[in-house]
Chemist: 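Once you've had a glance at the structure underneath, I'll fire off some questions.
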Amino acid sequence: MLKVQLPDGTVKQYDQPITALEIAREIGPRLAKAALAAQVDDAVVSLNDPLPEEGGIQLRILTAKNPEVLDVVRHSCAHIMARAVMRLHKGVQLAFGPTVEGGFYYDFDLEQPLSEDDFPAIEAEMKKIIKENEPFERIEKSRDDALQLCRDLDQQYKIEHLETGLGEHDTVSFYQQGEFVDLCRGPHVPSAGAIGAMKLLSIAGAYWKGDASRKQLQRLYGTAFFTKQQLDEHLRLVEEAKKRDHRVLGKQLELFTISPLVGPGLILWQPKGAIIRGLLETFIKDELQRRGYQPVYTPNIGRIDLYKISGHYPYYQDSMFKPIEVEPGEEYLLKPMNCPHHVMIYKARPRSYRELPLRLAEFGTVYRFEQSGELSGMTRVRGFTQDDAHIFCTDEQVPDEFRGCIEMTQFVLDCLGLKNYRVRLGFRDPDSDKYVGDPQKWDRAQKALVEVCNNLGIEAAVEPGEAAFYGPKADFVVRDCIGREWQLGTVQLDYNLPSAERFDLEYIGTDNQPHCPAMIHRAPLGSLERFIGVLIEHFAGAFQCGWHPNRCVFWSSARSLKSSAAKWNCV
């Protein structure tokens, strides 16, 4: 017996297999006609996907009024684009075709390279497919049958993915639309006619599964909307974004450069850009001093054992530069995180409760091995500097300290004129095994974050599965002047790195007994490179800041940069 709870609280019961579309028809023909997808508990699914046959679920029927549906439309349009490309070109090998912010892409392996000259023909074929309005049909197959189907289709990348990436799955799903069949978990709209307007945007190179040692594929980008008016507005914003591109403005204003000889993803700050960075550093350092932080400096490398103990090496190994063997059996890493270094400063001598909270701050440079295809100017780099700090405190001090970190981040963003932001709480997914530590400590930490946000009047959305592997976090997601969102500042609560299972940190409490401190990670700006890249695009190179009594971050910059093309508008 399946119990289905609807948004209005109504509960329906079914003792036979049923789909969300059939339930929508029971509710009413108008809803069934408008329905495009469904939400079962926290997951968005296709309308014709079979619902569980037992237990209880919460069900929402989603229409064009629900923002979650736009991703479903775009994913369906990615299939339509792939189908059109296969109609126009022979021997096409399909890779992956996910949605991304603002649209979708599909990776292809073709004998003849595509170019923007091919876009009109591909779009014309896509329009034919949309007009035909054929349904998207889900097909479940055992792994062996799925492999045979992909062999029959001669899709080599799908065969490899089934044998490796999906090697542990007993059954997989395909979606078929007309002659086009693709390995896909969905969801999709009921039929192609739900796509009101679409546009191909660009083409780029991308390695299979992001591995630079594998074959380079052709990545075709596009977007889709319910109406042409929505598409036109989006394309207007895309053009505006091109005018604000920090990579173009950064070169014009002589703020930074990237040298192929130095290495991709490594920023060279030019004098004018260094002035901007220096102003921000001074602003933050002054504020840190007012708030009782103590400066520290740590090296740019560390023994690999340090990051094994912290857990960063096991969890983020693929995103780190390869170890450097300085002597037989002794390996070092380019510093991927500042926090283990700050932990060792705390641990350098015995600590008393009288010293807590201990707030250690550093503009620390770290290194991450981002894939070459993911690098983008200053916003996605391989070496960057964080306005990093770590607070060691007692459990009783956690709410006040976390509140202070939230308030400082708000203050910094407000002073810089970035006042349109939201707070996102990243919590542990209880069904995932990627998180370390005692579940009870996680529950305590997550509860503390919610209480702090409630006390500050912050309406923070909780996103399960978005926590750091060691603790929950509050991310500040800033919306720029043309509506794009950027994750910048972050505050994270951590009971795991200080624990006996990790670094075994202690302080002597009022009872003269050892206790384990809590640890808070925070960075109001996040990465200086990323933050300044966002500032360049937000202000289109005409920097300004929000006014605060007797405080203006950039007030002296006009004199400092009077010979540059940059403009400075204090408000």
Side-chain angles (χ1 to χ4, degrees), residues 2 4 6-7 12 14 16-53 57-87 94 97-99 103-104 106 123 125-141 149 171-199 222-231:
L2 173 65
V4 178
L6 302 176
K12 292 178 173 287
Y14 302 92
Q16 58 188 12
I18 195 163
T19 67
L21 181 57
E22 290 170 328
I23 295 176
R25 287 172 179 154
E26 284 184 9
I27 296 171
R30 291 180 59 187
L31 178 62
K33 184 177 181 180
L36 295 174
Q39 182 176 330
V40 177
D41 295 331
D42 294 324
V44 177
V45 302
S46 300
L47 283 171
N48 286 310
D49 288 358
L51 297 176
E53 294 187 20
I57 63 170
Q58 293 182 326
L59 177 69
R60 290 173 64 213
I61 305 299
L62 304 177
T63 70
K65 296 179 180 179
N66 301 109
E68 303 97 319
V69 173
L70 193 53
D71 264 359
V72 182
V73 167
R74 288 170 175 169
H75 183 45
S76 302
C77 197
H79 277 228
I80 290 170
M81 180 177 71
R83 185 181 178 187
V85 170
M86 294 186 78
R87 282 184 173 182
L94 300 174
T99 59
F104 57 86
Y106 214 114
E123 288 180 347
E125 196 64 37
M126 291 174 69
K127 289 177 181 177
K128 289 182 185 177
I129 295 170
I130 292 170
K131 187 175 181 179
E132 290 166 3
N133 196 27
E134 292 174 297
F136 286 90
E137 298 176 287
R138 183 183 176 93
I139 304 170
E140 294 275 353
K141 286 191 175 290
L149 175 58
T171 61
V172 296
S173 61
F174 292 79
Y175 275 84
Q176 180 169 2
Q177 194 205 33
E179 80 284 0
F180 181 77
V181 182
D182 195 9
L183 176 66
C184 178
R185 65 183 178 185
H188 287 283
V189 293
S191 60
I195 301 165
M198 57 78 197
K199 180 74 176 175
T223 192
F225 288 88
F226 295 113
T227 68
K228 186 176 184 303
Q229 290 81 358
Q230 292 171 333
L231 174 63

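The shown structure was predicted, so the numbers you read here are calculated from the model rather than taken from an experiment.
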Chemist: Taking side chain as C-beta onward, heavy atoms only, is Lys12 less than 4.5 Å from Leu6?
Modeler: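 Yes; the side chains approach each other to less than 4.5 Å.
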Chemist: Please name the pair of heavy atoms, one in Cys184 and one in His75, separated by the smallest distance, quoted to 0.1 Å.
Modeler: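 Scanning both residues completely, I find the closest heavy atoms to be SG-NE2, 3.1 Å.
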Chemist: Would you give the length of the straight line joining atom CG of Leu183 to atom CG of Leu149, rounded to the nearest 0.5 angstrom?
Modeler: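 Result: 9.0 Å between the selected atoms.
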Chemist: With side-chain contact (heavy atoms from CB on, under 4.5 Å) as the test, pick out the partner of Pro187 among Leu47, Leu36, Val44.
Modeler: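 Exactly one option meets the side-chain contact (heavy atoms from CB on, under 4.5 Å) with Pro187, and it is Val44.
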Chemist: With a cut-off of 3.5 Å and sequence neighbours excluded, list every side-chain donor-acceptor pair involving residues 61-73.
Modeler:
{"from": "Thr63", "atom 1": "OG1", "to": "Lys65", "atom 2": "N", "distance (Å)": "3.3"}
{"from": "Asn66", "atom 1": "OD1", "to": "Thr63", "atom 2": "N", "distance (Å)": "2.8"}
{"from": "Glu68", "atom 1": "OE2", "to": "Arg60", "atom 2": "NH1", "distance (Å)": "3.0"}

Chemist: When rounded to the nearest 0.5 angstrom, what is the spacing between CD1 in Ile195 and CG in Leu231?
Modeler: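 CG of Leu231 is found 12.0 Å from CD1 of Ile195.
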Chemist: Could you work out, with ring-ring contact (aromatic ring centres under 6.0 Å, His included) as the rule, every residue matching Tyr175, not counting sequence neighbours?
Modeler: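 In terms of ring-ring contact (aromatic ring centres under 6.0 Å, His included), with neighbours along the sequence ignored, Tyr175 is linked to His188.
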Chemist: Would you confirm whether Thr99, through its side chain, and Arg74, through its main-chain N or O, come within 3.5 Å as a donor-acceptor pair?
Modeler: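 Judged by distance alone, no pair lies under 3.5 Å.
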Chemist: Hey, what do you get for SG (Cys77) to CE (Met126), rounding to the nearest 0.5 Å?
Modeler: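 Answer rounded to 0.5 Å: 3.5 Å.
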Chemist: Sequence neighbours left out, what pairs pass salt bridge (charged side-chain N to carboxylate O under 4.0 Å, His left out) with at least one residue falling in residues 176-195?
Modeler: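 Passing the test, one end in residues 176-195: Arg83-Glu179, Arg87-Glu179, Lys158-Asp182.
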Chemist: In Å and rounded to the nearest 0.5 Å, what is the NZ to CD1 distance from Lys128 to Ile80?
Modeler: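 Going from NZ on Lys128 over to CD1 on Ile80, the span is 14.5 Å.
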Chemist: With sequence neighbours left out, write down each residue that passes ring-ring contact (aromatic ring centres under 6.0 Å, His included) with Phe104, or none if nothing qualifies.
Modeler: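 Per chain and number, Phe104 pairs via ring-ring contact (aromatic ring centres under 6.0 Å, His included) with no residue.
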Chemist: Of all heavy-atom pairs between Asn133 and Ser191, which one has the smallest distance, and what is that distance?
Modeler: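 Answer, listing the atom of Asn133 first, then Ser191: OD1-OG, 2.7 Å.
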Chemist: Would you name the heavy atoms of Ala82 and Phe180 that are closest together and state the gap between them?
Modeler: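 So the minimum-distance heavy-atom pair works out to CB-CZ, 3.8 Å.
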Chemist: What pairs with Lys228 under side chain to side chain donor-acceptor pair (under 3.5 Å), at least two apart in sequence or on another chain?
Modeler: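 Checked Lys228 against side chain to side chain donor-acceptor pair (under 3.5 Å); matches are Asp232.
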Chemist: Check the pair Gln39 / Leu59 against side chain to side chain contact (heavy atoms under 4.5 Å, CB included), numbers first and verdict last.
Modeler: CA-CA 6 Å; Gln39 182 176 330; Leu59 177 69; over 6 Å; no
Chemist: Do Ser46 and Arg138 pass the side chain to side chain contact (heavy atoms under 4.5 Å, CB included) test, and can you show the C-alpha distance, the side-chain angles, and the key distance before you say yes or no?
Modeler: CA-CA 9 Å; Ser46 300; Arg138 183 183 176 93; 5.7 Å; no
Chemist: Between the side chains of Lys127 and Glu125, is the shortest nitrogen-to-carboxylate-oxygen separation below 4.0 Å, so that they form an ion pair?
Modeler: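 So Glu125 does not pair with Lys127 through a salt bridge.
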Chemist: Please test His79 against Gln177 for side chain to side chain contact (heavy atoms under 4.5 Å, CB included), starting from the C-alpha separation and ending with a verdict.
Modeler: CA-CA 9 Å; His79 277 228; Gln177 194 205 33; 5.8 Å; no
Chemist: If you compare all heavy atoms of Pro17 against all heavy atoms of Glu53, which two are closest, and at what distance to 0.1 Å?
Modeler: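 Scanning both residues completely, I find the closest heavy atoms to be CG-OE2, 3.8 Å.
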Chemist: Just do the side chain to side chain contact (heavy atoms under 4.5 Å, CB included) check on Thr19 and Asp49 with the steps written out, would you?
Modeler: CA-CA 6 Å; Thr19 67; Asp49 288 358; over 6 Å; no
Chemist: Distance check, rounded to the nearest 0.5 Å: Lys131 atom NZ versus Ile129 atom CD1?
Modeler: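 Atom-to-atom, Lys131:NZ and Ile129:CD1 are 13.5 Å apart.
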Chemist: For Ser76 and Val189, indicate whether the former's side chain and the latter's backbone hold a donor-acceptor pair under 3.5 Å.
Modeler: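 It does hold such a pair.
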Chemist: What distance do Glu137 atom CD and Asn48 atom CG have between them, rounded to the nearest 0.5 Å?
Modeler: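 Between Glu137 CD and Asn48 CG, I get 9.0 Å after rounding to 0.5 Å.
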Chemist: Looking at Ala32 and Leu21, what are the two nearest heavy atoms and their distance?
Modeler: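 Scanning both residues, the minimum pair turns out to be O-CD1, 4.1 Å.
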Chemist: Can you name the closest pair of heavy atoms from Pro190 and Ala35 and give their distance?
Modeler: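 Looks like CG-O, 4.0 Å.
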Chemist: By the side-chain hydrogen bond (donor to acceptor under 3.5 Å, both in side chains) test, which pairs, at least two apart or in different chains, include something from residues 23-34?
Modeler: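 Checked against side-chain hydrogen bond (donor to acceptor under 3.5 Å, both in side chains) - neighbours excluded - the pairs reaching residues 23-34 are Tyr14-Glu26.
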